[in-house]
Trainee: 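First, the structure itself, so that you have it in front of you.
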Amino acid sequence: MTQTAPWTRKDVEARLADDMARAWLGEALAEAARAAQAPPTPPSPYTSHTWELRFAAAGRQCGQDNADAVRTLLLTQARAGLDTLTRLYRQGSAAERRAVLRALPSLVEGPHAVHLLDDALRTNDTRLVSAAVGPYAAAHLDAHAWRHAVLKCLFTGVPLDHVADLDRRARGDGELARMLTDYAAERTAAGRDIPRDLHRVLTLTGEKPQRPQEL
Amino acid sequence: MRIFDPHIHMTSRTTDDYEAMYTAGVRALVEPSFWLGQPRTSPASFFDYFDALLGWEPFRAAQYGIAHHCTIALNPKEANDPRCTPVLDALPRYLVKDSVVAVGEIGYDSMTPAEDTALAAQLQMAADHGLPALVHTPHRDKLAGLHRTVDVIRESNLPTERVLLDHLNETTVKHAADSGCWLGFSIYPDTKMDEDRMVTILRTHGTEKVLVNSAADWGRSDPLKTRKVGDAMLAAGFSEDDVDQVLWRNPVAFYGLSGRLQLDIPEPEGLHEGNSILRGGE
């Protein structure tokens, strides 16, 4: 699923296979809504709130294809704050971490959750890398981290279509153009192909390649 | 030949192994959490290990067209170290994860009181979470260990038909079969079982509820032993259907008791230039 959050409850219900999954979702959302009203309790590495158990079980209850959407919806319904998002990310499977990353744009204002992007971009798991370069990254990653994220996508084969706001952020970025040109030169020196996406983003920078003969 | 290796420690294996396993027919596996050779000294290093079984390792496996599931537990060896036992308190939040298909490996190592406590507590957790349990039988004092293991399982709230007893051999198979548990055999180059002895056991006991695994890890072991058992079965006159039952349908039935098996991993495609793990710069 490449659609980005937020999904509405109606969208998600329409995607579910049967009434059992819809009933499960209804209960899970009700638990999340109650948690949103409840006074905050201190986080623990050993226990979880009930809606967080639902968050973990979303794949097998609603189908793996719907897990991102269901989890994102639960996070929204629970009005998960930065502490909760951080805990769920740190205690999550890769699929749960991806859902947290996808929910960031609608749940966190400001750059306070950038540490989660940094963590995801340090991995080589393309599911996490592609989820980390969404709209939240476009809004809040600093120039250095954002350029490395673009390069990481090229390295690990994550299509640059996953990078939100690529045009705007790449435009006029001479340093990114230099990094791309150097990477292309390294590939050429090794006798390897240059990823097609590299040419595309280089064009978006509007910068002339420094060593056009190598491109 | 489609193969489900119900017990293999891929964390200790290379991508060459994944490639060879796929070529041999392996399409699914279960990686039980266990000890890592080097003893751990804090719960945090268990958590990183469990997280890898839920994150990085399934990602690696999927790139080679293999569905990866895991079992989570505090293993019996490290259950004896009081610095590690707080892991038990954290298990419930792992046992709800989508790709956790059993509690395991649990069981006995040296048959100590601490192991008694950990085994009983984790059988109860399996019952509480709707999960089956992978129970290994000890390497030393094996037959006595098996008797004691079965006694503890019978005293627990987990029915024997939701338990897989592993590392069985000629001396333990009968009592294990009488208990009603599923029967697991680890095929090793030197120790445990070999493929010809396995065929003999299958002749005597039949193929019902029998699972065969490589238990490959960081020791001398072979991740293709499942395939070699399949080949040995065919050479000994077993049918392809018998082989499919032992190497695929039985593990699917046992771990399917969790309701969490996801076997629809797509064929490996779009690998970065057909290359190995996405380290970058390939």
Side-chain angles (χ1 to χ4, degrees), chain A residues 43-65 67 70-71 87-99 119-130 148 151-159 183 186-187 189-190 192-195, chain B residues 15 42-44 46-48 50-63 67-70 72 86-101 128-131 256 258-266 269-282:
Chain A
S44 154
Y46 297 110
T47 57
S48 304
H49 301 294
T50 54
W51 76 270
E52 294 179 13
L53 300 178
R54 303 268 192 175
F55 178 79
R60 60 185 180 273
Q61 297 293 343
C62 299
Q64 297 298 336
D65 290 345
V70 169
R71 289 189 172 118
R87 185 177 70 259
L88 288 177
Y89 180 91
R90 290 191 176 148
Q91 298 185 353
S93 65
E96 293 164 43
R97 290 178 184 205
R98 188 179 57 206
D119 182 273
L121 290 168
R122 274 195 296 274
T123 73
N124 275 15
D125 186 331
T126 49
R127 298 166 301 178
L128 295 177
V129 171
S130 62
H148 272 273
L151 218 55
K152 181 117 189 192
C153 287
L154 292 172
F155 263 67
T156 55
V158 171
Y183 179 43
E186 194 183 327
R187 300 279 306 177
R192 292 177 175 141
D193 292 340
I194 296 168
Chain B
T15 53
S42 76
F46 280 84
F47 301 156
D48 289 337
F50 295 158
D51 290 342
L53 297 184
L54 295 164
W56 181 238
E57 206 53 49
F59 176 72
R60 286 207 320 150
Q63 287 184 77
H68 182 290
H69 299 83
C70 66
I72 296 283
V87 168
L88 289 170
D89 301 327
L91 289 179
R93 74 173 167 85
Y94 283 102
L95 299 183
V96 298
K97 304 293 188 190
D98 276 336
S99 63
V100 175
V101 292
D128 292 345
H129 287 84
L131 289 173
S258 69
R260 303 185 196 177
L261 276 186
Q262 295 279 331
L263 298 173
D264 49 347
I265 290 281
E269 44 88 28
L271 293 189
H272 196 44
E273 299 183 358
N275 208 325
S276 59
I277 207 77
L278 300 172
R279 175 175 289 121
E282 285 90 356

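Within every chain, numbering begins at 1; the chains are lettered A, B, ... in the order of the sequence lines, protein sequences first and strands thereafter.
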Trainee: Does the A/Asp125 side chain pair with the main chain of B/Trp56, one donor and one acceptor, at a distance under 3.5 Å?
Mentor: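 Such a contact is absent between A/Asp125 side chain and B/Trp56 backbone.
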Trainee: Atom CG in B/Leu261, atom CZ in A/Arg60: separation rounded to 0.5 Å?
Mentor: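 Result: 12.0 Å between the selected atoms.
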Trainee: Is it the backbone or the side chain of A/Ala58 that comes under 4.5 Å from a heavy atom of chain B, or both, or neither?
Mentor: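 Backbone of A/Ala58 only, per the 4.5 Å heavy-atom cut-off to chain B.
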Trainee: Run through B/Leu54, B/Val100, B/Leu53 and flag the one making a side-chain contact (heavy atoms from CB on, under 4.5 Å) with A/Ser93.
Mentor: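 Of B/Leu54, B/Val100, B/Leu53, side-chain contact (heavy atoms from CB on, under 4.5 Å) with A/Ser93 is met by B/Leu54 alone.
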Trainee: Closest approach of A/Ala94 and B/Gly55, non-hydrogen atoms and distance?
Mentor: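 Where A/Ala94 meets B/Gly55 most closely, the heavy atoms are CB-CA, 3.9 Å.
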Trainee: Indicate yes or no: at least one non-hydrogen side-chain atom of A/Arg54 is less than 4.5 angstrom from one of B/Val96.
Mentor: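 Counting from C-beta outward, A/Arg54 and B/Val96 never come under 4.5 Å.
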Trainee: List for me each residue that meets ring pair (Phe, Tyr, Trp, His ring centres under 6.0 Å) alongside B/His129, sequence neighbours excluded, and say none if there are none.
Mentor: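 With neighbours one apart ignored, the set is empty.
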Trainee: Tell me, side chain or backbone of B/Asp51 under 4.5 Å from chain A's heavy atoms, or both, or neither?
Mentor: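 For B/Asp51, side-chain heavy atoms alone lie under 4.5 Å from chain A.
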Trainee: To the nearest 0.5 Å, tell me how far B/Tyr94 OH sits from A/Gln91 CD.
Mentor: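 If I round to the nearest 0.5 Å, the distance is 7.0 Å.
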Trainee: Just so I know, are the side chains of B/Phe59 and A/Leu128 near enough to count as touching, which here means a heavy-atom distance under 4.5 Å?
Mentor: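 In short, these two side chains do not touch, never coming nearer than 4.5 Å.
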Trainee: Quick one: do A/Arg90 and B/Asp48 make a salt bridge, cutoff under 4.0 Å?
Mentor: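 Salt bridge absent between A/Arg90 and B/Asp48.
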Trainee: Supply the atom-to-atom distance B/Leu95 CG to A/Leu53 CG, rounded to the nearest 0.5 angstrom.
Mentor: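 One gets 11.0 Å once the value is rounded to the nearest 0.5 Å.
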Trainee: Given the rule in the salt bridge (charged side-chain N to carboxylate O under 4.0 Å, His left out) test, do B/Lys97 and A/Glu96 qualify, once you have shown the distances and angles that lead to the verdict?
Mentor: CA-CA 9 Å; B/Lys97 304 293 188 190; A/Glu96 293 164 43; 2.7 Å; yes
